[in-house]
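For reference, the structure discussed in these notes is given below.
Throughout, numbering of the chain's residues begins at 1 and tracks the sequence.
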Amino acid sequence: MSDRPALPRQVKLFGAVSLLNDFASEMVYPLLPAFVTGVLGGGAVALGALDGAADAAAALVKLVAGRLADRPSRRGPLIVIGYFVAAAVRPIIAVTAAAWQVVGLRVVDRLGKGLRTPPRDALIADVTPEAIRGRAFGLQRGLDHVGAVIGPLVAWVLLSRHADVRTVILASIVPGVFVLLLATWAARDDKRRGFAGQGAVGAVPPSAAAPRRPPFAVVAISLFYLVRMPETLLILRTQRLGIAVALVPLLWAAVHVIKASTNFVGGALSDRIGPSRTMWIGWLTYVVLAAGMAFAASPLAAWLLFLALGVVDGLTESPERALVSAATGGGHRGSAFGTYHALTGIAALAGGLLLGLIFQRQSGASAFLVSAVGALGLVILWSFWTRQHRVTAR
């Protein structure tokens with residue numbers, strides 16, 4: 001029998017919360033382009049503002065929420081408030097009358113995500129023994145992607161039964177209610193249980209100051225997000241290679257099946273061979289698949305490569321969080337996760353703009369080739385960086 005400890009109940013609860021929250025979110029998000037342009041009469045500028053403003057706002061809030069989450073007593077309220085904001089705002093989109101209102105509500109939705117994510121990740125890290133943190137984050141991320149499969153499929157079923165877009169968006173309130181109930185339960189459970197990780201957060205002296213510079217692992221991970229191709233451009237590339245627009249929702253659901261299953265594998269692998277090595281394998285996998293996308297020339301190749309790219313998330317998401325957790329003491333894990341989520345969000349936004357410019361002015365193949373070469377540079381440098389900055393393989 002294995003001598004590894006069991007996953008804490010809170011980790012399982014937050015996994016269920018992530019599943020239900022993404023269920024609700026992905027019922028709405030894939031419909032927003034059609035809703036903004038077709039129902040409300042907005043244009044491409046409104047769609048650009050939708051994601052750009054939302055991501056920028058969330059990145060800033062994550063920094064603040066991370067700092068606040070350094071105090072364990074604040075984590076539960078931040079998590080519950082964050083989920084409440086999202087659950088309350090999403091259904092309101094159904095009754096909007098202008099594109100700018102959708103943009104504003106989407107920003108508020110992302111503010112909720114910014115509030116809850118750093119304290120939730122810090123809490124998961126603190127209640128989980130170090131030996132199984134990869135599995136813990138793998139479960140949370142895996143169930144998150146399971147929700148991202150269920151949401152679009154439920155929306156498709158409702159639409160196929162002649163429900164309109166507003167009705168589907170309004171229906172997202174149902175899973176949102178269960179999200180709040182489970183999140184409240186998990187947050188209250190935190191007050192009754194001690195920390196299972198390497199020392200309680202309270203063990204850190206109150207006078208200990210948060211590090212002024214982000215951990216090296218966070219900086220390195222952010223560089224990967226800078227060169228990684230955003231999913232919107234991945235979808236656009238598949239369409240240019242011959243995938244029909246009507247098939248994109250099925251492709252989107254299918255890739256989240258891959259992400260969910262490989263997150264469980266990636267989490268377990270992270271605990272077995274170490275998060276640094278697991279993440280490196282994920283980066284190398286991305287190099288190969290991004291280069292394949294650059295030279296792809298058929299719809300079949302687009303299908304296979306797009307689905308295979310889901311493996312990258314499974315091999316990087318859990319190890320990233322395990323590395324951030326290991327790089328910072330329990331007393332400052334909130335700040336570390338806030339910095340991690342903020343920097344990777346900003347890097348992804350900047351990288352998406354740069355790669356999108358190359359995509360538009362040159363070609364999709366050129367953009368993917370640039371992305372693959374940039375990621376290859378990180379793969380080559382990672383072993384040197386880990387030695388210099390004492391990032392252990394395990």
Between [atom1] of [X] and [atom2] of [Y], what distance do you get to the nearest 0.5 Å?
X	Y	atom1	atom2	answer
F337	L123	CZ	CG	10.5 Å
L304	L309	CG	CG	11.0 Å
L13	Q140	CG	CD	12.5 Å
R272	R135	CZ	CZ	10.5 Å
L284	M279	CG	CE	12.5 Å
W382	L223	CH2	CG	10.0 Å

Polar contact flag, side-chain donor to acceptor under 3.5 angstrom, W280-S383: no
Quick one: are [X] and [Y] in side-chain contact, heavy atoms under 4.5 Å?
X	Y	result
T316	R228	yes
I124	Q10	no
R120	S18	yes
F359	R240	yes
P91	I169	no

Minimum heavy-atom distance between [X] and [Y], given as atom pair plus value:
X	Y	answer
L78	P119	CB-CG, 3.9 Å
L20	F178	CD1-CB, 3.8 Å
P8	V127	CG-O, 3.1 Å
A297	L241	CA-CD2, 4.1 Å
A187	V80	CB-CG2, 3.9 Å
A24	P175	CB-CG, 3.7 Å

List the steps, then state whether side chain to side chain contact (heavy atoms under 4.5 Å, CB included) holds for V157 with L153. CA-CA 6 Å; V157 169; L153 293 179; 5.6 Å; no
Any chance you could lay out the side chain to side chain contact (heavy atoms under 4.5 Å, CB included) test for I79 and F14, step after step, and finish with the verdict? CA-CA 10 Å; I79 293 169; F14 279 120; 3.7 Å; yes
Contacts of type side chain to side chain donor-acceptor pair (under 3.5 Å), residue S25, not counting sequence neighbours: none
With sequence neighbours excluded, residues passing side chain to side chain donor-acceptor pair (under 3.5 Å) with R237: none
Membership question, hydrophobic clusters at under 4.5 Å side-chain separation (ILVMFWY): are [Y] and [X] in the same one?
X	Y	value
L226	I346	no
L234	F295	no
V218	V64	yes
M293	V288	no
I258	L305	yes

Decide yes or no on side chain to side chain contact (heavy atoms under 4.5 Å, CB included) for L115 and L111, but give the supporting numbers first. CA-CA 6 Å; L115 277 177; L111 291 179; 5.9 Å; no
What residues form a side-chain contact (heavy atoms from CB on, under 4.5 Å) with [X], not counting sequence neighbours?
X	result
V85	I81, V89, V108
L315	L269, T278, I281, T285, V311
Y225	I221, E320, Y340, T344, A347, A348
A308	L289

Is the backbone of [Y] close enough, under 3.5 Å, to the side chain of [X] for a donor and an acceptor to pair up by distance?
X	Y	result
D109	A86	no
Q362	I358	no
T262	V265	no
S318	G138	yes
S325	R321	no
T128	A125	no

Sequence neighbours left out, what passes salt bridge (charged side-chain N to carboxylate O under 4.0 Å, His left out) with K259? Give chain and number order.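 Only E231, D313 meet the salt bridge (charged side-chain N to carboxylate O under 4.0 Å, His left out) criterion with K259.
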Sequence neighbours excluded, which residues qualify as salt bridge (charged side-chain N to carboxylate O under 4.0 Å, His left out) partners of D144?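 Per chain and number, D144 pairs via salt bridge (charged side-chain N to carboxylate O under 4.0 Å, His left out) with R141.
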Once the angle between the rings of F224 and W283 is folded into 0 to 90°, is it parallel (under 30°), tilted (30 to 60°) or perpendicular (over 60°)? parallel
I173, CD1: over 12 other non-hydrogen atoms inside 6.0 angstrom: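 12 or below, so no.
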Could you give the side-chain donor-acceptor pairs of residues 363-380 under 3.5 Å, partners two or more places apart or in another chain?
from: S363; atom 1: OG; to: S366; atom 2: N; distance (Å): 3.1
from: S363; atom 1: OG; to: S366; atom 2: OG; distance (Å): 2.9
from: S371; atom 1: OG; to: V227; atom 2: O; distance (Å): 2.5
from: S371; atom 1: OG; to: Y286; atom 2: OH; distance (Å): 2.5

Does any pair with a residue in residues 85-99 pass side chain to side chain donor-acceptor pair (under 3.5 Å), and if so which ones, sequence neighbours excluded? N21-R90
Sequence-distant partners of H145, ring-ring contact (aromatic ring centres under 6.0 Å, His included), two or more places apart: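 Only H256 meet the ring-ring contact (aromatic ring centres under 6.0 Å, His included) criterion with H145.
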Please identify each residue that fulfils ring-ring contact (aromatic ring centres under 6.0 Å, His included) with W303, with sequence neighbours left out. none
